[in-house]
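All remarks here apply to the structure that follows.
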Amino acid sequence: MNSIRSLILKSSLFRLPLEANAKNTNEALFKNVFPRSYSMYSPRFIEPTFRLEDQEKLKESGEFAERQFTPVKAALTNQTSSIFYDPIVRKFTNYVMITGQRALARDLVNETFECIKHTQLKKKHQAETDEEKEKIETNPVVIIHKAVENCRPVLQLTPIKRGGIKYQVPVPLTEKRSYFIAMRWLVEAGRDKGRTVKFAEKLARELIEASMNEGRIVKKKQDLHRQCEANRAYAHYRWS
């Protein structure tokens, strides 16, 4: 160990000045020889484009040919080009999951999709005209996308204290936060059920209603926007 230490001290790596905040020589030696690096890629590496739809867009724009000789980072384990991959469904599955039971969460989401499919096909067969049948969506992935988009809030109320009084101040939401709130509301609505009703059946009902811009989750979003509109006089407290 001492021989390795002496070799490092004699090497050109240790000719740089030691860090001033290092408590001892060993800590300064470790920080100098092994600098902090949180990525194995240099800045010239670009993010991977793993979705087939995004690759087609790159080909149409002509950017695909420019990226042929550019180094690309390796895709993450949860990034795949499978036709069954959907970022919204994956995030929704994560919000359904409790205590790390991912397999159970996937089964619940798949069961919810089955309930949605059965309900929509039943409506489609009972429809009398072709126009009514065309309006009924039977794809569960499209339905969950519509439901999340219809439930996304734009504003939320944040308590801000001014002069010893707390005001409910309307604050705009980021896109990531709005998606999180919409999915959380939908999952909570699915769990708020009777003992004789399954989670998948209740969640499927809420998703179908939200996809048609109906139901209590859409009403909850509208009530929140109405409260933000009523408290718009306190909006200037965000910057004061």
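Note that the structure is a prediction, hence the values are computed from the model and not measured.
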CA sep, side-chain torsions, deciding dist, call: Arg205, Val197, side chain to side chain contact (heavy atoms under 4.5 Å, CB included)
CA-CA 11 Å; Arg205 198 179 311 153; Val197 181; 4.2 Å; yes
From [atom1] ([X]) to [atom2] ([Y]), nearest 0.5 Å:
| X | Y | atom1 | atom2 | result |
| --- | --- | --- | --- | --- |
| Arg106 | Arg90 | CZ | CZ | 10.5 Å |
| Glu209 | Leu207 | CD | CG | 10.0 Å |
| Gln55 | Arg67 | CD | CZ | 10.0 Å |
| Arg177 | Thr174 | CZ | OG1 | 8.0 Å |
| Asn213 | Asn150 | CG | CG | 4.5 Å |
| Glu60 | Lys57 | CD | NZ | 9.0 Å |

What heavy-atom pair brings [X] and [Y] nearest, and what distance separates the two atoms?
| X | Y | result |
| --- | --- | --- |
| Arg51 | Thr80 | CD-O, 4.4 Å |
| Tyr234 | Val169 | O-CG1, 3.3 Å |
| Lys117 | Pro140 | CD-CD, 4.3 Å |
| Thr70 | Glu66 | OG1-O, 3.4 Å |
| Trp185 | Leu224 | CH2-CD2, 3.9 Å |
| Arg216 | Ala189 | NH2-O, 3.2 Å |

Output all residues satisfying ring pair (Phe, Tyr, Trp, His ring centres under 6.0 Å) with Phe199, sequence neighbours left out; order by chain, then residue number.
none
Of the options [options], which is the one that meets [X] in a side chain to side chain contact (heavy atoms under 4.5 Å, CB included)?
| X | options | answer |
| --- | --- | --- |
| Cys228 | Pro170, Pro172, Pro153 | Pro170 |
| Ile143 | Ile116, Thr138, Val148 | Ile116 |
| Ile144 | Val89, Asp86, Leu186, Leu203 | Val89 |

Is there a chain of hydrophobic side chains (I, L, V, M, F, W, Y, each step under 4.5 Å between heavy atoms) that links [X] to [Y]?
| X | Y | result |
| --- | --- | --- |
| Leu173 | Phe180 | yes |
| Val171 | Leu155 | no |
| Tyr95 | Leu104 | yes |
| Met97 | Met183 | no |
| Val141 | Ile136 | no |

Determine whether a donor-acceptor pair (N or O, by modelled atom type, separation under 3.5 Å) exists between the side chain of Tyr41 and the backbone of Glu47.
no
Is there a donor-acceptor contact under 3.5 Å from the side chain of His225 to the main chain of Val154?
yes
Heavy atoms from other residues, nucleotides or ligands near [atom1] of [X] exceed 12 (cutoff 6.0 Å):
| X | atom1 | value |
| --- | --- | --- |
| Glu53 | CD | yes |
| Lys198 | NZ | no |
| Tyr85 | OH | yes |

Under 4.0 Å between a Lys/Arg side-chain N and an Asp/Glu carboxylate O for [X] and [Y]?
| X | Y | result |
| --- | --- | --- |
| Glu132 | Lys135 | no |
| Arg152 | Glu149 | yes |
| Lys202 | Glu206 | yes |
| Asp223 | Lys220 | no |

[X] side chain near [Y] side chain, heavy-atom distance below 4.5 Å:
| X | Y | value |
| --- | --- | --- |
| Cys151 | Val218 | yes |
| Ile208 | Met212 | yes |
| Gln79 | Pro48 | yes |

Lys166 meets the salt bridge (Lys or Arg N to Asp or Glu O under 4.0 Å) criterion, sequence neighbours left out, with none
Within 45° of the six-membered ring axis of Phe45 and under 6.0 Å from that ring's centre, is NZ or CZ of Lys73 located there?
no
Full working for side chain to side chain contact (heavy atoms under 4.5 Å, CB included) between Ile88 and Tyr179
CA-CA 9 Å; Ile88 297 297; Tyr179 274 110; 3.9 Å; yes
